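Working notes, structure below.
Lettering of chains follows the sequences in order, A, B, ..., and the numbering in each one begins at 1. Predicted model, so just to flag it, every value in this text is computed and none were measured. Quick note: numbers below take in every heavy atom, side chains included, and nothing from hydrogens, waters or symmetry partners.
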Amino acid sequence: MAPAPQRLKRRAEFLRVAQRGRKAPVAGLVLQALERHDDAPARLGFTVTKKVGNAVVRNRTRRRLKEAARLLLREAPVAGCDLVLIGRGSTRRRAFPALIDDLRRALERAGVAPFGEGGAAR
RNA sequence: CCAGACGGCCGGACGGCCGCCGCCGCAGGCGAACGCGGCGGAGGAAAGUCCGGGCUCCACGGGAGAGAGGGUGCCGGCUAACGGCCGGCGGGGGCGACCCCAGGGAAAGUGCCACAGAGAACAGACCGCCGACCCGGCAGUUCGCUGCCCGGCCGGCAAGGGUGAAACGGUGCGGCAAGAGCGCACCGCGCUCCCGGCAACGGGGGCGGCACGGUAAACCCCACCCGGAGCAAGACCGAAUAGGGGCGACCGCGGACGGGCAACCGUGCCGCAGGGGGCUCUCCCGCCCUGUCGCCCGGGUUGGUCGCGCGAGGCGCCUUGCGAGAGGCGUCCCAGAGGAAUGGCCGUCCAGGCCCGCAAGGGCCGGACAGAACCCGGCUUACAGGCCGUCUGGCACC
RNA sequence: GACCCCUUCGUCUAAUGGUUAGGACACCAGCCUUUCACGCUGGUAACACGGGUUCGAGCCCCGUAGGGGUCA
């Protein structure tokens with residue numbers, strides 16, 4: 001992830017991942033993944049609803065998810081899929097190493113193995 | 001020292017590693033990305049959206065019109081403006097520092113004032129007080145009558161009781177059959193004159209003789225203010241599709257053209273009238289546009305640039321004003337974008353809380369409210385903890 | 001960004017500024033019934049919060065909180 005990862009922005013993109021992708025809930029977040037059948041780097045989207053808290057809490061939640069994804073994907077890049085990370089109430093207070101572990105286990109559970117080709121080998 | 005009042009300010013600090021956004025420079029290269037370096041990167045409320053403006057577009061004919069609607073309301077000032085702020089006036093609260101409240105009109109009109117109470121708005125008379133007369137009783141008697149009491153009736157009165165949030169002034173003295181502003185003094189109220197003040201208002205004199213209940217954050221009257229929309233405003237560039245179609249309802253006169261010998265018929269081609277629409281709340285005149293209205297079908301766009309941060313700007317000093325403020329000089333350039341950057345982890349310190357301990361000290365927890373979206377000025381609301389200044393009351397000492 | 005509406009017993013709702021805030025369903029107790037249900041009787045239970053106007057506020061005014069909705 002030498003170049004900054006592409007972000008999902010439009011409502012339609014989020015809906016497509018939610019409807020057709022795989023869902024993996026873990027303690028610190030919920031991951032949705034949808035394979036794209038190409039070898040471009042993974043695109044990321046973040047969702048934190050108003051139920052989680054006010055704007056400050058939502059910002060903190062999203063930034064921790066962003067940082068966890070950055071650190072993990074730097075070690076183990078993923079390609080060929082769209083990922084949506086959904087923040088939940090526990091995201092803000094979870095210890096940061098545990099949050100990275102959560103994300104790693106969620107990627108495995110969604111069938112997105114590291115080293116690129118995992119997205120298609122599920 | 002204790003208790004309190006008011007005003008202002010801060011909103012953790014420093015560092016390390018890995019990162020993010022914008023701009024600039026270097027290198028690179030067709031261009032871009034990556035790389036290196038530099039600068040900048042959330043708040044006092046950025047919030048709620050309760051007000052006021054800037055800016056942009058629309059309308060800018062009679063028009064800053066009339067009406068409707070909304071808002072404001074002691075006086076003077078500040079300000080671009082305000083429902084904001086400052087100073088003052090009046091009322092209320094507090095020993096005090098100080099705090100809270102608000103326009104005028106109820107003698108323009110309308111409405112309402114429950115319950116209680118005799119009576120609630122051109123006052124009224126339940127208990128009551130007083131006088132004359134009549135009946136009865138008791139006592140006295142100089143046998144004429146007198147005094148007291150009960151009741152009836154006629155008349156006078158509104159002091160006292162009682163009801164209420166509120167009862168045609170309050171207190172005292174005189175006066176009277178009993179009473180009453182009936183008279184007087186003081187207070188209140190109204191009118192008037194003088195003085196002070198720019199004014200709100202305050203002070204004083206005289207007169208009146210009490211007459212004018214409350215509620216306009218009830219309707220309303222008066223004065224003043226308000227054109228509408230909002231950066232998804234708006235401007236430019238580019239891309240794409242189209243310069244639409246169908247059904248139903250309604251439509252007068254004239255011309256022109258076509259048909260017909262003619263009467264007449266047809267035609268959204270033209271004019272007028274009408275209808276409809278627009279002139280950003282409504283109406284009149286005026287102007288402009290147009291077949292109109294309803295339903296349905298079909299088609300395109302989700303790109304870029306600007307707007308976009310030099311501003312009623314921040315900081316410091318000086319002058320001026322009681323103050324809100326105003327003026328001058330110097331200095332600084334200080335986030336900006338797109339669903340959106342300002343982060344993650346760690347260490348030390350400064351505050352804070354809890355636990356152990358006689359103490360020294362040690363351990364644990366741990367940063368309040370809250371995130372810019374065109375920009376300013378206010379208001380309101382949320383907020384751990386802390387700092388500074390002025391003042392008041394009390395206690396002690398000198 | 002520009003606005004609008006609502007908040008009353010557990011639930012759904014009423015109320016000229018004036019007694020103890022009414023009704024329905026629900027809940028509780030009793031009666032009826034062999035028992036349950038139905039029915040009858042009685043009871044518990046609410047004006048979102050803070051100020052103000054008024055003699056008096058669920059109602060009027062201001063602010064706050066929560067909920068819902070409209071337009072672009």
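As the counterpart of B:rC143, no nucleotide is assigned, since no Watson-Crick or G-U wobble pattern has both distances under 3.5 Å. Base pairing of B:rA233 is not made with any nucleotide, judged by Watson-Crick or G-U wobble geometry with both donor-acceptor distances under 3.5 Å. Pairing of B:rC364, defined by two Watson-Crick or G-U wobble distances under 3.5 Å, is identified with B:rG353. A 3.5 Å limit on both hydrogen-bonding distances identifies C:rU41 as the Watson-Crick or G-U partner of C:rA29. Base pairing of B:rG4 is made with B:rC391, judged by Watson-Crick or G-U wobble geometry with both donor-acceptor distances under 3.5 Å. B:rG275 and B:rU290 make up a base pair, with Watson-Crick or G-U wobble contacts both under 3.5 Å. Pair assignment for B:rC36 gives B:rG25, based on Watson-Crick or G-U wobble hydrogen-bonding distances that are each under 3.5 Å. Searching all strands for a Watson-Crick or G-U wobble partner of B:rG347 with both distances below 3.5 Å returns B:rC14.
Anti is the classification of B:rG227, since its glycosidic angle lies more than 90° from 0. For B:rG277, the glycosidic angle deviates from 0 by more than 90°, giving an anti base. For B:rG144, the base is syn relative to its sugar; the glycosidic angle is within 90° of 0. Glycosidic conformation, B:rC50: anti, with the torsion outside 90° of 0. Base orientation for B:rG258: anti, the chi torsion being more than 90° from 0.
The backbone N or O of A:Asp82 sits nowhere less than 3.5 Å from a side-chain atom of A:Arg43 that would complete a donor-acceptor pair.
B:rG344 atom C1' lies 15 Å from atom CG of A:Leu85, rounded to whole Å. B:rG344 atom C1' lies 11 Å from atom CG of A:Leu99, rounded to whole Å. A:Phe46 has its CZ atom 10 Å from the P atom of B:rA341, to the nearest Å. One interatomic measurement links the two molecules: CZ of A:Arg60 to C1' of B:rA42, which rounds to 13 Å at whole-angstrom precision. Atom CZ of A:Arg63 and atom P of B:rA42 are 11 Å apart (whole Å). Spacing between atom CG of A:Leu71 and atom P of B:rG343 amounts to 16 Å, rounded to whole angstrom units. As rounded to whole Å, 13 Å separates atom P of B:rA341 from atom CG of A:Leu65. B:rC20 atom P lies 9 Å from atom CD of A:Glu67, rounded to whole Å.
Note on A:Glu67 versus A:Arg70: salt bridge recorded, some NZ/NE/NH1/NH2 to OD/OE distance being below 4.0 Å.
Distance from the side chain of A:Arg70 is smallest to B:rC18 among B:rA341, B:rC18, B:rG344. The side chain of A:Val56 approaches B:rA370 more closely than any other nucleotide in the set B:rU342, B:rA370, B:rC18. Checking B:rG344, B:rG371, B:rU342 against the side-chain heavy atoms of A:Ala55 singles out B:rG371 as nearest.
Rounded to a whole angstrom, the distance from the P atom of B:rG151 to that of B:rC130 is 14 Å. Between the C1' atoms of C:rC27 and C:rA46, the separation comes to 15 Å (whole Å). Spacing of C1' atoms, B:rG31 relative to B:rU280, comes out at 49 Å, to the nearest Å. Of the P atoms belonging to B:rC272 and B:rC289, the separation is 11 Å, rounded to the nearest Å. As rounded to the nearest Å, B:rA64 and B:rC23 have C1' atoms that lie 49 Å from one another. For the P atoms, the distance linking B:rG316 with B:rC95 amounts to 43 Å, nearest Å. To the nearest whole angstrom, the two C1' atoms, one in B:rU381 and one in B:rU49, are 12 Å apart. Between B:rC55 and B:rC74, the distance separating the two C1' atoms is 38 Å to the nearest Å.
Backbone-only contact: A:Arg64 has heavy atoms under 4.0 Å from sugar-phosphate atoms and none from a base.
A:Phe96 approaches A:Leu71 most closely through the heavy-atom pair CE2-CD1, 3.6 Å. Annotation for A:Asp102 and A:Gly28: closest pair OD2-N, 3.2 Å, computed over non-hydrogen atoms.
For the pair A:Arg62 and B:rG339, the criterion of a side-chain N or O lying under 4.0 Å from OP1 or OP2 is not met. The side chain of A:Arg58 contributes no N or O atom lying less than 4.0 Å from OP1 or OP2 of B:rA370.
Proximity of A:Thr91 to A:Arg60: side-chain heavy atoms (C-beta onward) are nowhere separated by under 4.5 Å. Between A:Leu99 and A:Leu29 the shortest side-chain heavy-atom distance falls below 4.5 Å. The closest side-chain heavy-atom distance from A:Val84 to A:Val30 is not below 4.5 Å.
Each of A:Lys66 and A:Pro97 was assigned the nucleotide of RNA chain B with the nearest heavy atom; the assignment lying further toward the 5' end belongs to A:Lys66.
Going from atom CD of A:Glu108 over to atom CG of A:Leu103 covers 10.5 Å, rounded to the nearest 0.5 Å.
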